[in-house]
S.K.: 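One structure coming up, written as structure tokens, with questions to follow.
Side chains are part of it too, since the values below use all heavy atoms of this structure and drop only hydrogens, waters and symmetry mates. Keep in mind that this is a model prediction, so the values were computed, not measured.
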Amino acid sequence: RSPVGLKQSNLSDIIIFTTQQFNNGDSYRVYKNPDDVAYDFGSSSEVFKQAVAIFSQTPNILNNSGNLIIAPLLTGVLNPATAGTFLTDSINASAFTSVSDGAFDITIDGALSPTSVTGLDFTRAYTVEDIASVINSYFVTNSIDATVTVDNEKLLFTSTTTGATSSVLIEDGGTGTNLMSSLYFNGTACIATQGIDATSGQETLLNAILRLKPLVFFHGILVAYNATDTEILNAGAYVQSLQKMLFVSRHELTCCDEGELFDIIRTRIYTHTRALPYFDTAEKARLYSAGYAGRFLSVNFDGSNTTLSMHGKELYGIDPDPNLTQTLEDKAKRVGGDVYGSYEGVPAVYCSGANEFADNVYNDNWLIVSLQVAGFNALRQSGTKIPQTEDGVAMLVNAYRNVLEQGVRNLAIAPGTWTREVTFGDQELLKGNVATYGYYIYSTPLSQQSQADRDARKAPYIQMAIKRAGAIHSSEVMVYINN
């Protein structure tokens with residue numbers, strides 16, 4: 001019998017967090033229709049109205065056999081104080097092995113001046129864990145009050161203190177190789193999160209996500225209560241490190257102004273948190289979020305030409321925003337907010353890419369999860385083993401290639417011109433393959449693999465270049481007329 005592999009996660013699964021409770025104390029329940037939600041929560045409840053908004057869309061999450069999960073927030077709990085953190089971009093360990101003088105400036109807990117970190121030697125650091133170890137050793141030796149751990153191939157710097165004054169900020173600085181450059185930490189994609197004080201009472205959104213994550217899979221996240229800006233930002237920082245998406249609505253006329261919630265989400269590059277302003281009541285704004293998520297997360301990535309853009313889509317059961325003006329739409333566009341208006345009487349979503357387009361995040365989440373599953377299953381389902389040879393590496397690469405081919409079929413990926421400065425492998429082959437197929441895969445030759453990685457039975461480093469298929473949202477036409 002063939003070994004059983006991992007099942008692909010369903011990116012159409014949505015969870016709603018609510019302050020209402022189940023009568024038997026269940027942590028969550030799974031639904032396939034709104035009628036069962038009405039039975040548990042009542043037909044006048046907001047969570048039922050959100051369920052109706054989700055299942056009313058055509059298509060909706062059922063198009064991909066998605067589930068609606070509803071989870072009550074805990075009450076009477078102590079939300080512990082948290083520490084300030086700083087999360088880097090994904091780390092390419094091979095780029096560090098040539099660095100013997102790594103440097104950056106670090107500010108802990110809002111200190112008046114930063115501490116310069118210099119002379120970090122990574123020449124014997126072959127993994128992300130090795131890199132974290134080098135930095136931790138420096139921190140211990142130099143009494144810097146922070147620690148470094150590995151979080152999903154990223155480095156997570158954490159203050160040793162907790163509470164609202166706890167923070168970590170890393171910037172360019174020091175003498176030597178600047179680790180904040182795009183080759184290393186990639187400062188433009190790093191995320192700093194302030195600590196919060198301990199509170200008692202209702203569970204926070206972040207703690208609810210942390211509690212439910214090991215219990216049930218979900219991709220989309222909604223709330224059916226008035227979550228505070230602090231709750232949203234703390235949850236958004238965590239969701240950014242996951243292959244999940246948080247859908248957030250606000251109804252205040254100022255929500256897209258400079259320094260307000262949606263502007264902060266954009267400036268912190270929380271692309272996995274989607275801003276959905278709807279300038280009516282708070283509940284109607286959240287119903288817009290639910291309808292949007294129900295329509296958006298309906299993609300069956302196993303099909304052909306199934307990926308979508310929300311631009312121009314109509315949401316069934318959701319009225320266009322009655323208070324949307326051109327000024328408010330322009331503000332939403334600046335912060336990356338997607339609005340729902342009436343254009344010459346036609347209801348439609350207007351999408352902004354100021355904080356990345358939502359469909360790019362969705363497609364990328366599918367790609368990352370699918371590659372992880374494909375890699376695991378290639379190793380798991382081998383009847384004997386995948387040998388540490390070029391033929392063995394080819395078996396792993398073929399598993400990844402199958403995912404990219406499916407990305408071409410569903411139109412997440414398409415042939416095009418490679419315009420990034422980053423290249424690897426054979427540059428001409430990279431550009432040619434991307435132009436012809438939409439992707440390029442390169443595996444480092446085994447002859448160049450370090451002995452430490454070989455002894456650890458790791459595959460050589462594999463790199464992929466893909467070209468997004470993108471979407472057309474507008475066009476300009478010039479007409480010349482001649483009598």
S.K.: Which class fits the ring pair Y184 and F96: parallel under 30°, tilted 30 to 60°, perpendicular over 60°?
M.R.: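 Plane angle over 60°, so perpendicular.
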S.K.: Around Y461, counting heavy atoms of other residues, nucleotides and ligands shown, do more than 12 lie under 6.0 Å from its OH?
M.R.: yes
S.K.: Roughly how far, to the nearest 0.5 Å, is the OH atom of Y31 from the CD1 atom of I61?
M.R.: 13.0 Å
S.K.: Thinking salt bridges, do K333 and D330 make one under a 4.0 Å N-O criterion?
M.R.: no
S.K.: For F22 and Y28, I'd like to know if the aromatic rings sit close, meaning centre-to-centre distance below 6.0 Å.
M.R.: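 Between Y28 and F22, which both carry aromatic rings, the centre distance is not below 6.0 Å.
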S.K.: If you measure from the Lys or Arg side-chain nitrogens to the Asp or Glu carboxylate oxygens, is any gap between D319 and K284 under 4.0 Å?
M.R.: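 No, no charged N to carboxylate O under 4.0 Å.
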S.K.: Using ring centroids (six-membered ring only for Trp), state whether F157 and F185 fall under 6.0 Å.
M.R.: yes
S.K.: Taking it one step at a time, do F296 and Y362 satisfy ring-ring contact (aromatic ring centres under 6.0 Å, His included)?
M.R.: CA-CA 9 Å; F296 179 58; Y362 189 16; 4.8 Å; yes
S.K.: Between E356 and R468, does at least one N-O distance fall below 4.0 Å, as a salt bridge requires?
M.R.: yes
S.K.: Is there a side-chain contact between I91 and T88 in this structure, where contact means two heavy atoms from C-beta onward sitting under 4.5 Å apart?
M.R.: yes
S.K.: So, the side chain of S45 versus the backbone of G42: is there a donor-acceptor pair under 3.5 Å, distance only?
M.R.: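 Yes, S45 side chain to G42 backbone: donor-acceptor pair under 3.5 Å.
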S.K.: Could you go step by step and tell me if V248 and F262 meet the side-chain contact (heavy atoms from CB on, under 4.5 Å) rule?
M.R.: CA-CA 9 Å; V248 179; F262 290 154; 4.0 Å; yes
S.K.: Once you measure the plane-to-plane angle for H311 and Y350, does it fall in the parallel (<30°), tilted (30-60°) or perpendicular (>60°) bin?
M.R.: perpendicular
S.K.: Would you call the rings of Y292 and F247 parallel, tilted or perpendicular, taking 30° and 60° as the class edges?
M.R.: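 Geometry flag for F247 against Y292: tilted rings.
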S.K.: Any carboxylate oxygen within less than 4.0 angstrom of a Lys/Arg side-chain nitrogen, looking at E314 and R295?
M.R.: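 Result for this pair is no, no salt bridge flagged.
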S.K.: Side chains of N365 and H219 only: does a donor on one sit below 3.5 Å from an acceptor on the other?
M.R.: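 There is such a pair (donor and acceptor under 3.5 Å, judged by atom type) between the side chains of N365 and H219.
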S.K.: Answer yes or no: is there a donor N or O on one side and an acceptor on the other, between the side chain of E171 and the main chain of M180, under 3.5 Å?
M.R.: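 Side chain of E171 to backbone of M180: no pair is present.
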S.K.: Can you tell me how far CZ of F301 sits from CH2 of W366, rounded to the nearest 0.5 angstrom?
M.R.: 7.0 Å
S.K.: Using a 3.5 Å distance criterion without hydrogens, assess whether the side chain of S167 forms a donor-acceptor pair with backbone atoms of G110.
M.R.: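 Checking the backbone N and O of G110 against the side chain of S167, a donor-acceptor pair under 3.5 Å is found.
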S.K.: Tell me whether R29 is salt-bridged to D36, with the criterion being a basic N under 4.0 Å from an acidic carboxylate O.
M.R.: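 Judged by the 4.0 Å cut-off on N to carboxylate O distance, R29 and D36 do not form a salt bridge.
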S.K.: Does the pair D151/K154 count as a salt bridge with the N-to-O cut at 4.0 Å?
M.R.: no
S.K.: Classify the side-chain pair Y126/D453 by whether it contains a donor and acceptor separated by less than 3.5 Å.
M.R.: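 No, no side-chain donor-acceptor contact under 3.5 Å.
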S.K.: Testing I191, T193, L233 one by one against R268 for a side chain to side chain contact (heavy atoms under 4.5 Å, CB included), which residue passes?
M.R.: L233
S.K.: Does a donor on one side chain sit under 3.5 Å from an acceptor on the other, for R380 and N377?
M.R.: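 Judged by distance alone, the side chains do not pair up.
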S.K.: Just by distance, no angles: are the side chains of N323 and T325 close enough, under 3.5 Å, to form a donor-acceptor pair?
M.R.: no
S.K.: Quick check for you: to the nearest 0.5 Å, what is the distance between S289 atom OG and I221 atom CD1?
M.R.: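 CD1 of I221 is found 12.5 Å from OG of S289.
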S.K.: Do M245 and V361 make a side-chain contact, defined as non-hydrogen atoms from C-beta onward lying under 4.5 Å apart?
M.R.: yes
S.K.: Can you classify the ring geometry of F218 versus F17 as parallel (below 30°), tilted (30 to 60°) or perpendicular (above 60°)?
M.R.: perpendicular
S.K.: Just by distance, with hydrogens left out, do D109 and S159 show a side-chain donor and acceptor under 3.5 Å apart?
M.R.: yes
S.K.: Establish, from distance only, whether the side-chain atoms of T19 and Q202 form a donor-acceptor pair under 3.5 Å.
M.R.: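 Side chains of T19 and Q202: no pair found under 3.5 Å.
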S.K.: I would like to know whether Q406 and R409 meet side-chain contact (heavy atoms from CB on, under 4.5 Å); could you show each step before the answer?
M.R.: CA-CA 5 Å; Q406 182 54 41; R409 284 191 290 273; 2.9 Å; yes
S.K.: Does the D321 side chain pair with the main chain of F279, one donor and one acceptor, at a distance under 3.5 Å?
M.R.: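 At least one qualifying donor-acceptor pair exists.
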S.K.: Run through V47, I54, I15, T18 and flag the one making a side chain to side chain contact (heavy atoms under 4.5 Å, CB included) with L222.
M.R.: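 For L222, the side chain to side chain contact (heavy atoms under 4.5 Å, CB included) test succeeds with only one of V47, I54, I15, T18, which is I54.
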S.K.: Would you say the side chain of V335 lies within less than 4.5 Å of the side chain of C256, judging by non-hydrogen atoms?
M.R.: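 Sidechains of V335 and C256: in contact.
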S.K.: Measure from the side-chain N and O atoms of T82 to the backbone N and O of I196, and report whether any donor-acceptor pair falls under 3.5 Å.
M.R.: yes
S.K.: Pair D229, R250 - check salt bridge (Lys or Arg N to Asp or Glu O under 4.0 Å), show working.
M.R.: CA-CA 10 Å; D229 287 1; R250 283 291 186 265; 2.9 Å; yes
S.K.: If you draw a 6.0 Å radius around CD in E258, do more than 12 non-hydrogen atoms from other residues or ligands fall strictly inside?
M.R.: no
S.K.: Hey, are S133 and N136 close enough side-chain-wise for a donor-acceptor pair under 3.5 Å?
M.R.: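 No, because no side-chain N or O of N136 sits under 3.5 Å from a partner of the opposite role on S133.
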S.K.: Just by distance, no angles: are the side chains of K32 and N67 close enough, under 3.5 Å, to form a donor-acceptor pair?
M.R.: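 Yes, a side-chain donor-acceptor pair sits under 3.5 Å.
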S.K.: Identify the two heavy atoms, one from F55 and one from P34, that lie closest to each other, and give their separation to 0.1 Å.
M.R.: CD1-CD, 3.6 Å
S.K.: Could you pull out the closest heavy-atom pair between P347 and P320, with the gap in Å?
M.R.: CB-CG, 3.6 Å
S.K.: Quick one: does any side-chain atom of S241 pair with a main-chain N or O of Y238 as donor and acceptor, under 3.5 Å?
M.R.: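 At least one qualifying donor-acceptor pair exists.
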S.K.: Are F357 and H473 an aromatic pair, judged by ring center distance below 6.0 Å?
M.R.: yes
S.K.: Assess whether side-chain contact (heavy atoms from CB on, under 4.5 Å) is satisfied between I264 and E260, documenting all intermediate values.
M.R.: CA-CA 6 Å; I264 296 171; E260 296 296 326; over 6 Å; no
S.K.: Would you please say whether a donor-acceptor pair under 3.5 Å links the side chains of N207 and E203?
M.R.: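 Side chains of N207 and E203: no pair found under 3.5 Å.
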S.K.: Given the rule in the side-chain contact (heavy atoms from CB on, under 4.5 Å) test, do L315 and Q57 qualify, once you have shown the distances and angles that lead to the verdict?
M.R.: CA-CA 6 Å; L315 302 178; Q57 304 313 310; 3.8 Å; yes
S.K.: Is it true that Y225 and E283 share a donor-acceptor pair across their side chains at a distance under 3.5 Å?
M.R.: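 No - no donor-acceptor pair under 3.5 Å links their side chains.
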S.K.: If only side-chain N and O atoms count, and only distance matters, is there a donor-acceptor pair under 3.5 Å linking R286 with N226?
M.R.: yes
S.K.: Ignoring hydrogens and geometry, is there a side-chain-to-backbone donor-acceptor pair from E231 to L205 under 3.5 Å?
M.R.: yes
S.K.: Output, in order, the C-alpha distance, side-chain angles, deciding distance and verdict of side chain to side chain donor-acceptor pair (under 3.5 Å) for N186 and T188.
M.R.: CA-CA 6 Å; N186 191 16; T188 59; 3.2 Å; yes
